[in-house]
Amino acid sequence: MDVQSLTQHQIQEHVKNAKHLNTNAEHVRMLFVPNNIDAHNFGELCTTYKTVVNQTFDTVVVIESYTGHLQKKLAMPSNKVFETRFGEVPVNDFLRNEFCDEEDDFFIADEGYSKEMSLYTQLPILQSCFSDFEVVSLQIGDYDPAIIRELAYTLDELLLNRNALIVYCCDVPASSPEELEKLRSLVVNNKESGLMHYLNSNEKTVKGARAFMSGILVARSWGYDVEFLDHIESATNICGYAKRTEPQMA
């Protein structure tokens, strides 16, 4: 299956027919998805997007790690729109400027912009799931853990009370169940320092670790539970989502 040639209707059908997760989808506000989409991870990706497909979001914030360093450490392309084979998606310029006003390391800058960005792999799926939304694209261009914390803090401050979906682009390999279990344990037990050390070490195989870590920090701050989807044996990378813990009935 050539995922890149699928029509909107075909993508919608794949999402509709994907495995249903008992997530109480109205509580899902974050997704963890692969940087690249292919036949080996498309099924799991559709299952992940199915957790939010019945919601309506004003804005989708797509976060990815830039390979290497950017002079502007947290960079957002200056585009007014992003265009895919399904048409244009407008940029939420107001929110983009709010990021810049919030912290010094956020910039509207095109240094890391290219058509190879993970943003462009996710937009056709987003366009197939949601009919009307704006987007903000953000690249993490520095390996300093302080930058990850700064990003997480700003996402927490700006998006907690907004009708926004955050999509974190990161490759969590399915070929190493031991590594996945280590990540799972660090996440479940809120071991921030251990997770930060691991994701900055040479032993990791996660690509997009900075985006992954920022998502974990925001989820913890919001009191969201992070769930990995590892039920599809053929998947090359593990997807996931974060949902708000439901209040207990009295």
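Just the heavy atoms: all of them, side chains too, but no hydrogens, waters or symmetry mates, feed the values below.
Residues V167 and I63 form no side-chain contact, since every pair of their non-hydrogen atoms from C-beta on lies 4.5 Å or further apart.
Between the side chain of N17 and the main chain of H14, no donor-acceptor pair closer than 3.5 Å is present. Remark: side-chain polar atoms of T121 are not paired, donor with acceptor, to backbone N or O of M117 under 3.5 angstrom. No donor-acceptor pair under 3.5 Å is formed between the side chain of K72 and the backbone N or O of F106. Proximity of a side-chain donor or acceptor of Q12 to a complementary backbone N or O of S128 within less than 3.5 Å is detected. Distance alone, capped at 3.5 Å, is enough to place a donor-acceptor pair between the S201 side chain and the Y198 backbone. In terms of modelled atom types and a separation under 3.5 Å, the side chain of N189 and the main chain of K191 share no donor-acceptor contact. Without hydrogens or angle criteria, E64 side chain to S118 main chain gives a donor-acceptor distance under 3.5 Å. The main-chain N or O of Q127 is found under 3.5 Å from a side-chain atom of Q8 such that the two form a donor-acceptor pair. Side chain of E88 to backbone of K80: no donor-acceptor contact under 3.5 angstrom is found.
No salt bridge links K73 with E111; every basic N to acidic carboxylate O contact stays at or beyond 4.0 Å. Taking 4.0 Å as the cut-off between side-chain N and carboxylate O, K243 and E227 do not count as a salt-bridged pair.
In this structure, F212 and F228 have parallel ring planes: the angle between them is below the 30° cut-off, well short of the 60° mark.
Looking at Q122 and Y49, their side chains do bring a donor and an acceptor atom within 3.5 Å of each other. Side chain to side chain, S221 and D156 meet the donor-acceptor criterion of an N or O pair below 3.5 Å.
Not less than 6.0 angstrom separates the ring centroid of F32 from the ring centroid of Y241.
Cation-pi geometry between R210 and Y143 is met: under 6.0 angstrom from the ring centre, within 45 degrees of the axis.
Both V89 and V53 belong to a single network of hydrophobic side chains, linked directly or stepwise wherever heavy atoms of I, L, V, M, F, W or Y lie under 4.5 Å apart.
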| said: For a ring-ring contact (aromatic ring centres under 6.0 Å, His included) check, start with the C-alpha distance between F130 and F57, then their side-chain angles and the critical distance, and finish with the verdict. | reply: CA-CA 8 Å; F130 309 112; F57 296 102; 5.6 Å; yes

| request: Evaluate side chain to side chain contact (heavy atoms under 4.5 Å, CB included) for V135 paired with N92, printing each intermediate quantity in order. | output: CA-CA 6 Å; V135 68; N92 187 331; over 6 Å; no

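With rounding to the nearest 0.5 Å, the separation of CD1 in I166 from CH2 in W222 is 4.0 Å. Here the CG-CG distance, from D171 to N35, works out to 4.0 Å after rounding to the nearest 0.5 Å. Here the straight-line distance linking atom CD of E102 with atom CG of L158 works out to 4.5 Å at 0.5 Å rounding. Expressed to the nearest 0.5 Å, how far CZ of R29 lies from CG of N163 amounts to 7.0 Å.
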